[in-house]
A.B. asks: 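One structure is given below, represented as structure tokens, and several questions about it will come after.
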Amino acid sequence: MYQAPRGTVDILPEEQVYWRYVEQKAAAICSLYGYERIDTPTFENTKLFARGIGDGTDIVEKEMYSFKDKGDNDITLRPEGTASICRAYIEHGMANLPQPVKLYYLTSIFRYERPQAGRLREHHQFGYEAIGDADPVVDTEVIEMAWRFFQSLGLEKLSLLINSIGCKECRPNYLETLRKYYQRHSDNLCKDCRTRLERNTLRLLDCKQSNCRQFVNNAPKSIDYLCEDCGQHFNLLQKYLDKICLPYSVNHKLVRGLDYYTRTVFEIQPELEGGQSTIGGGGRYDNLISELEGKPTPAVGFATGIERIILNLKREGIAAPALYEPSVFIASMGDNARETAVKLSSDLRNAGIGVVQSTGTKSLKAQLRQANNLQMQYAVIIGDEEVASQTVILKDMAGNSQENLPVDCLIDKLKG
RNA sequence: GUGGGUGUGGCCUAGUGGUUAAGGCGUCAGGUUGUGGCCCUGAAGAUCGAGGGUUCAAAUCCCUCCACUCACCCCA
């Protein structure tokens, strides 16, 4: 039997309510904050991601779906959203538009990882980017928007963590201090942390091993090593967040897995434990556009995983609104009645009334059973008698009433 | 990529070496003429995740693979 490739899933009809719900709330919040939708290709030149995300990151090193196409081009299925958006910003000269340019996307993401709950090889992200403005007001907006988005979905048990990891000027100094601190303890670190010490110093702060945690708690904090500009930026951000009463906590252990982040980083996490913790995250990436050969352009963005949102909606028992109102089922008996039913179905749909037509040769009982199972609001019954008198029986499935009425009156009756 | 758990009709579950793998939900059909839901009856639907091995005999024991799942890694 064929099955979907590992780490991929079919999103079945009964799941679709959640997807439509999330997509609709995403579009609504974007409209409210002045973001426009952009769709970029599913694949890009491999270099774009290698340059953008960072060669040393896990994503680039071992998680990309990369291949050569028939023209010998190095191609990669999009492993995150931001790099493509920046490419499009540069390619289409969006620097000439009023800044910041605000874009959002809703798209699938591919990473070759070991699947588990809330983690797939193909998953979907909703993300948005504000490109071309370094003002911490923009950071504030981006964070508030994420928070309100989750609120609008009904998710409540969330917490917001923020941190600043500095910029080109001040981060090297901090990293050096951090490295020195950890080198003193290197004998007591776990295996992973020893490699992190060489390769990805910031991630030392993220280790969950109980033994390493003691070092994390006393580790030098990035916010104590910020340059004047970065410090000012972070102070203003907190001031603005306070002003709009967003509950956040500064977490000096918060670092993000992609190399392009500068200054502000933030994550939103469910308070309920279990599964993958982060539901959404983002931050500022002031060097990415220039790294991708655009003019130096500051930017800040956010992304969230739809599957994880839905996981949390279910966990919190939030029901998505139904997608459609079941309406009219048309049952018929005999060839003449069937002919009338075909015409009537066509006419009702033409009038904008949703119809499910009975097919095959089923008893009336079976047809009504089907109408019932489909949770139809009405059943229209047509037999020889009705054909002869040009009437139909309109049966209210919820109540237990039915009436005989001229076929010409049916549309008005259903609409009224 | 590492380690643990799991895998029985569409869904949930019983069955841990021995006749045709059991039940519930769901689906379909009937319960006298053209009326659903409740109830009753019946039917369809499973080479027990796949392949190999042990055995007179395997859903049950062993191996390999696949998938799911949990923890790690990492991330959304």
Side-chain angles (χ1 to χ4, degrees), chain A residues 1-9 12 14 22 53 56-63 78-82 106-127 146 150 190-193 195-196 200 203 206-209 212 255-258 267-270 273-282 301-312 329 331-334 337 358 360-387 392-402 404:
Chain A
M1 190 163 75
Y2 288 109
Q3 45 192 186
R6 182 166 206 197
T8 67
V9 291
L12 298 172
E14 69 246 35
V22 173
I53 300 167
T57 58
D58 275 28
I59 291 180
V60 171
E61 226 170 45
K62 46 190 198 197
E63 295 178 0
R78 167 177 50 216
E80 62 100 44
T82 304
L106 208 50
T107 193
S108 43
I109 301 286
F110 305 87
R111 290 180 202 163
Y112 188 87
E113 298 183 274
R114 184 108 174 229
Q116 64 183 72
R119 192 173 74 187
L120 295 164
R121 288 183 175 179
E122 180 186 13
H123 76 276
H124 298 77
Q125 290 189 6
F126 159 52
F150 291 125
C190 70
K191 221 184 198 172
D192 289 326
C193 278
T195 51
R196 288 189 184 109
N200 199 341
R203 293 221 73 88
D206 211 25
C207 188
K208 281 128 199 148
Q209 299 283 322
C212 298
V255 295
R256 310 224 66 232
L258 291 72
E267 271 183 22
I268 293 175
Q269 301 181 351
E273 288 296 320
Q276 301 300 308
S277 57
T278 301
I279 189 169
F302 167 80
T304 174
I306 313 279
E307 283 83 353
R308 287 190 187 174
I309 290 175
I310 292 173
L311 215 59
N312 280 279
F329 186 91
S332 57
M333 289 158 290
S358 165
T361 49
K362 293 188 183 89
S363 67
L364 180 59
K365 181 185 185 127
Q367 295 182 62
L368 287 174
R369 186 155 50 211
Q370 186 183 357
N372 187 58
N373 288 352
L374 293 174
Q375 296 180 286
M376 306 303 286
Q377 208 174 341
Y378 296 104
V380 169
I381 301 169
I382 307 169
D384 289 338
E385 286 172 32
E386 286 72 29
V387 172
V392 295
I393 294 169
L394 178 63
K395 183 179 173 74
D396 181 342
M397 295 296 285
N400 205 8
S401 61
Q402 64 180 49
N404 203 294

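Chain identifiers are assigned alphabetically (A, B, ...) following the order of the sequence lines, protein sequences preceding nucleic acid strands; residue numbering begins at 1 within each chain. No hydrogens, no waters, no symmetry mates; every other heavy atom, side chains included, goes into these values.
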A.B. asks: Nearest to the side chain of A:Gln3, which nucleotide is it out of B:rG34, B:rA67, B:rA76?
C.D. replies: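 Closest of the options to the side chain of A:Gln3: B:rA67.
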A.B. asks: Do any side-chain nitrogens or oxygens of A:Arg119 fall under 4.0 Å of OP1 or OP2 in B:rU69?
C.D. replies: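 No, outside the criterion.
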A.B. asks: Taking B:rA44 as the reference, what is the distance to B:rU6 when you measure between their C1' atoms (whole Å, please)?
C.D. replies: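 Between the two C1' atoms, the distance is 30 Å.
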A.B. asks: Heavy atoms under 4.0 Å, any strand shown: does A:Leu258 hit a base, just sugar-phosphate, or nothing?
C.D. replies: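 Counting heavy atoms under 4.0 Å across all strands, the contact made by A:Leu258 is with sugar-phosphate only.
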A.B. asks: Using purine N1 to pyrimidine N3 plus N6-O4 or O6-N4 for Watson-Crick, or N1-O2 and O6-N3 for G-U wobble, each under 3.5 Å, what pairs with B:rG37?
C.D. replies: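 Per the H-bond distance test, none.
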A.B. asks: With a 4.0 Å cut-off on heavy atoms, is A:Ala146 in touch with a base, just the backbone sugar-phosphate, or nothing at all?
C.D. replies: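 Here A:Ala146 touches no strand at all.
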A.B. asks: Can you check the A:Arg121 CZ to B:rA67 P distance for me, whole Å?
C.D. replies: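 Interatomic distance, CZ of A:Arg121 to P of B:rA67: 7 Å.
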A.B. asks: Which nucleotide, if any, forms a Watson-Crick or G-U wobble pair with B:rU55, using both distances under 3.5 Å?
C.D. replies: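 No nucleotide pairs with B:rU55.
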A.B. asks: OP1 or OP2 of B:rC74 sitting under 4.0 Å from any side-chain N/O of A:Thr57?
C.D. replies: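 Result: no.
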A.B. asks: Any donor-acceptor pair under 3.5 Å joining the side chain of A:Gln367 to the base of B:rU35?
C.D. replies: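 Donor-acceptor pair under 3.5 Å: no.
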A.B. asks: Are any side-chain N or O atoms of A:Gln367 and backbone N or O atoms of A:Ser332, one a donor and one an acceptor, separated by less than 3.5 Å?
C.D. replies: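 Yes, because the side chain of A:Gln367 sits within donor-acceptor range (under 3.5 Å) of the backbone of A:Ser332.
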A.B. asks: Between C1' on B:rC38 and CG on A:Leu368, what's the gap in Å once rounded to a whole number?
C.D. replies: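 So the CG-C1' distance, A:Leu368 to B:rC38, works out to 16 Å.
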A.B. asks: Using atom P in both nucleotides, what's the gap between B:rC38 and B:rU19 to the nearest angstrom?
C.D. replies: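 Comparing P positions in B:rC38 and B:rU19 gives a spacing of 38 Å.
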A.B. asks: When rounded to the nearest Å, what value does the distance between P atoms of B:rU69 and B:rU32 take?
C.D. replies: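 It comes out at 48 Å once rounded to the nearest Å.
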A.B. asks: Distance check: side-chain N/O of A:Gln116 vs OP1/OP2 of B:rA71, anything under 4.0 Å?
C.D. replies: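 Yes.
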A.B. asks: Are any of the side-chain heavy atoms of A:Arg256 and A:Glu267 separated by less than 4.5 Å?
C.D. replies: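 Side-chain contact under 4.5 Å: yes.
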A.B. asks: Which sits closer to the 5' end of RNA chain B, A:Asp58 or A:Ile393, going by the nucleotide each is nearest to?
C.D. replies: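 The residue closer to the strand's 5' end, by nearest nucleotide, is A:Ile393.
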A.B. asks: For B:rG52 versus B:rU60, give the span between their P atoms, rounded off to a whole number of Å.
C.D. replies: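 Pairwise P distance, B:rG52 against B:rU60, rounds to 14 Å.
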A.B. asks: Using the C1' atom in both, what is the distance from B:rG37 to B:rU33, to the nearest Å?
C.D. replies: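 It comes out at 23 Å once rounded to the nearest Å.
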A.B. asks: B:rC68 phosphate, OP1 or OP2: any side-chain N/O from A:Arg114 under 4.0 angstrom?
C.D. replies: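 Checking B:rC68 against A:Arg114, no side-chain N or O comes under 4.0 Å of OP1 or OP2.
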A.B. asks: Just how far, in rounded Å, is C1' of B:rG37 from CE of A:Met397?
C.D. replies: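 Whole-Å distance recorded here is 8 Å.
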A.B. asks: Can you tell me how far C1' in B:rU27 sits from the matching atom in B:rU20, rounded to whole Å?
C.D. replies: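 Those two atoms are separated by 24 Å.
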A.B. asks: Could you state the atom-to-atom distance from CZ of A:Arg111 to P of B:rC73 in whole Å?
C.D. replies: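 In whole Å, B:rC73 P and A:Arg111 CZ are 16 Å from each other.
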A.B. asks: Ignoring hydrogens and geometry, is there a side-chain-to-backbone donor-acceptor pair from A:Asn372 to A:Leu368 under 3.5 Å?
C.D. replies: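 Judged by distance alone, no pair lies under 3.5 Å.
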A.B. asks: How long is the line joining CD of A:Glu80 and P of B:rA76, in whole Å?
C.D. replies: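 So the two atoms are 8 Å apart, to the nearest Å.
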A.B. asks: With heavy atoms under 4.0 Å as the rule, sort A:Gly399 into base, sugar-phosphate or nothing.
C.D. replies: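 Result for A:Gly399 = base.
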A.B. asks: Which of these nucleotides, B:rA76, B:rG36, B:rC68, is closest to any side-chain atom of A:Pro115?
C.D. replies: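 Shortest atom-to-atom distance from the side chain points to B:rC68.
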A.B. asks: Nearest of B:rC68, B:rA76, B:rG36 to any side-chain atom of A:Arg6?
C.D. replies: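 Between B:rC68, B:rA76, B:rG36, the one nearest the side chain of A:Arg6 would be B:rC68.
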A.B. asks: In Watson-Crick or G-U wobble terms, both distances under 3.5 Å, what is the partner of B:rG3?
C.D. replies: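 When the pairing criteria are applied, B:rC70 turns out to be the nucleotide that pairs with B:rG3.
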A.B. asks: Across the strands shown, which category fits A:Glu63 at heavy-atom distances under 4.0 angstrom: base, sugar-phosphate, nothing?
C.D. replies: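 Sugar-phosphate contact only - A:Glu63 comes under 4.0 Å of backbone atoms but never of a base.
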A.B. asks: Between B:rA14 and B:rG9, how many Å separate the two C1' atoms, rounded to a whole number?
C.D. replies: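 The same atom, C1', in both gives a distance of 14 Å.
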A.B. asks: Choosing from B:rU35, B:rA29, B:rC75, which nucleotide comes nearest the side chain of A:Arg308?
C.D. replies: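 Among the listed nucleotides, the one closest to the side chain of A:Arg308 is B:rC75.
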A.B. asks: Take the protein atom CG of A:Leu374 and the nucleotide atom P of B:rG37, then report the distance between them rounded to whole Å.
C.D. replies: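 A:Leu374 atom CG is separated from B:rG37 atom P by 14 Å.
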A.B. asks: Distance under 6.0 Å and angle within 45° of the ring axis: does A:Arg121 meet both against A:Tyr112?
C.D. replies: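 Relative to the ring axis of A:Tyr112, which defines the angle, A:Arg121 lies inside both limits.
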A.B. asks: Give a yes or no on whether a donor-acceptor pair under 3.5 Å exists between the nucleobase atoms of B:rG34, that is its base, and the side chain of A:Glu386.
C.D. replies: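 Such a pair exists between side chain and base.
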A.B. asks: What's the verdict on side chain to side chain contact (heavy atoms under 4.5 Å, CB included) for A:Ile381 and A:Glu386, showing C-alpha distance, side-chain angles and the deciding distance?
C.D. replies: CA-CA 8 Å; A:Ile381 301 169; A:Glu386 286 72 29; 5.6 Å; no
A.B. asks: Between B:rG34 atom P and A:Gln402 atom CD, what is the distance in whole Å?
C.D. replies: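 To the nearest whole Å, that distance equals 14 Å.
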A.B. asks: Could you measure the distance from the CD1 atom of A:Ile279 to the CZ atom of A:Phe150? Nearest 0.5 Å is fine.
C.D. replies: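 If we round to the nearest 0.5 Å, A:Ile279:CD1 and A:Phe150:CZ are 4.5 Å apart.
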A.B. asks: Between B:rG1 and B:rA59, how far apart are the C1' atoms? Round to whole Å, please.
C.D. replies: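 That atom pair is separated by 33 Å.
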A.B. asks: With hydrogens left out and only the distance checked, is there a donor-acceptor pair under 3.5 Å joining A:Asn372's side chain and the base of B:rG36?
C.D. replies: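 Checked by distance alone, the answer is yes.
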A.B. asks: Is the base of B:rG37 touched by the side chain of A:Lys365 through a donor-acceptor pair closer than 3.5 angstrom?
C.D. replies: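 Side chain to base: no pair present.
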A.B. asks: Between B:rG36, B:rC75, B:rC74, spot the one nearest the side chain of A:Glu113, thanks.
C.D. replies: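 Of the options given, the side chain of A:Glu113 lies nearest B:rC74.
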A.B. asks: Using Watson-Crick or G-U wobble geometry with both distances below 3.5 Å, tell me the partner of B:rU20, or none.
C.D. replies: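 Paired with B:rU20, as far as the under-3.5 Å criterion goes, is no nucleotide at all.
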A.B. asks: For B:rA43, which nucleotide in any strand shown is its Watson-Crick or wobble partner with both distances under 3.5 Å?
C.D. replies: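 Pairing partner, where one exists within any strand: B:rU27.
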A.B. asks: Quick check for you: among B:rC70, B:rG36, B:rC75, whose closest atom lies nearest to any side-chain atom of A:Thr278?
C.D. replies: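 Of the options given, the side chain of A:Thr278 lies nearest B:rC75.
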A.B. asks: How close or far is atom P of B:rG34 from atom CG of A:Leu364, stated in whole angstroms?
C.D. replies: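 The answer, rounded to whole Å, is 8 Å.
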A.B. asks: State the pairing partner of B:rU60; accept Watson-Crick or G-U wobble contacts with both distances under 3.5 Å, and report none otherwise.
C.D. replies: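 Looking at the geometry, B:rU60 pairs with no nucleotide.
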A.B. asks: Which pair of heavy atoms, one from A:Val255 and one from A:Arg203, lies closest together, and at what distance?
C.D. replies: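 In terms of heavy atoms, the two residues are closest at CG2-CA, 4.2 Å.
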A.B. asks: Short question: side chain of A:Arg119, backbone of A:Arg114 - any donor-acceptor pair under 3.5 Å?
C.D. replies: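 At least one qualifying donor-acceptor pair exists.
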A.B. asks: Looking for any heavy atom pair under 4.0 Å, which part of the strands does A:Ala331 touch: base, sugar-phosphate only, or nothing?
C.D. replies: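 Touches nothing.
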A.B. asks: What's A:Lys362 touching, base or sugar-phosphate or nothing? Going by heavy atoms closer than 4.0 Å.
C.D. replies: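 Counting heavy atoms under 4.0 Å across all strands, the contact made by A:Lys362 is with sugar-phosphate only.
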A.B. asks: Using OP1 and OP2 only, check whether a side-chain N or O of A:Asn373 sits under 4.0 Å from B:rG37.
C.D. replies: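 For B:rG37, OP1/OP2 do not have a side-chain N/O of A:Asn373 under 4.0 Å.
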A.B. asks: Looking at B:rC73, B:rG1, B:rG30, which one has an atom nearest to any side-chain atom of A:Tyr112?
C.D. replies: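 Shortest atom-to-atom distance from the side chain points to B:rG1.
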A.B. asks: Distance-only, no hydrogens or angles: does the A:Arg111 side chain make a donor-acceptor pair with backbone N or O of A:Pro79 under 3.5 Å?
C.D. replies: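 Checking the backbone N and O of A:Pro79 against the side chain of A:Arg111, a donor-acceptor pair under 3.5 Å is found.
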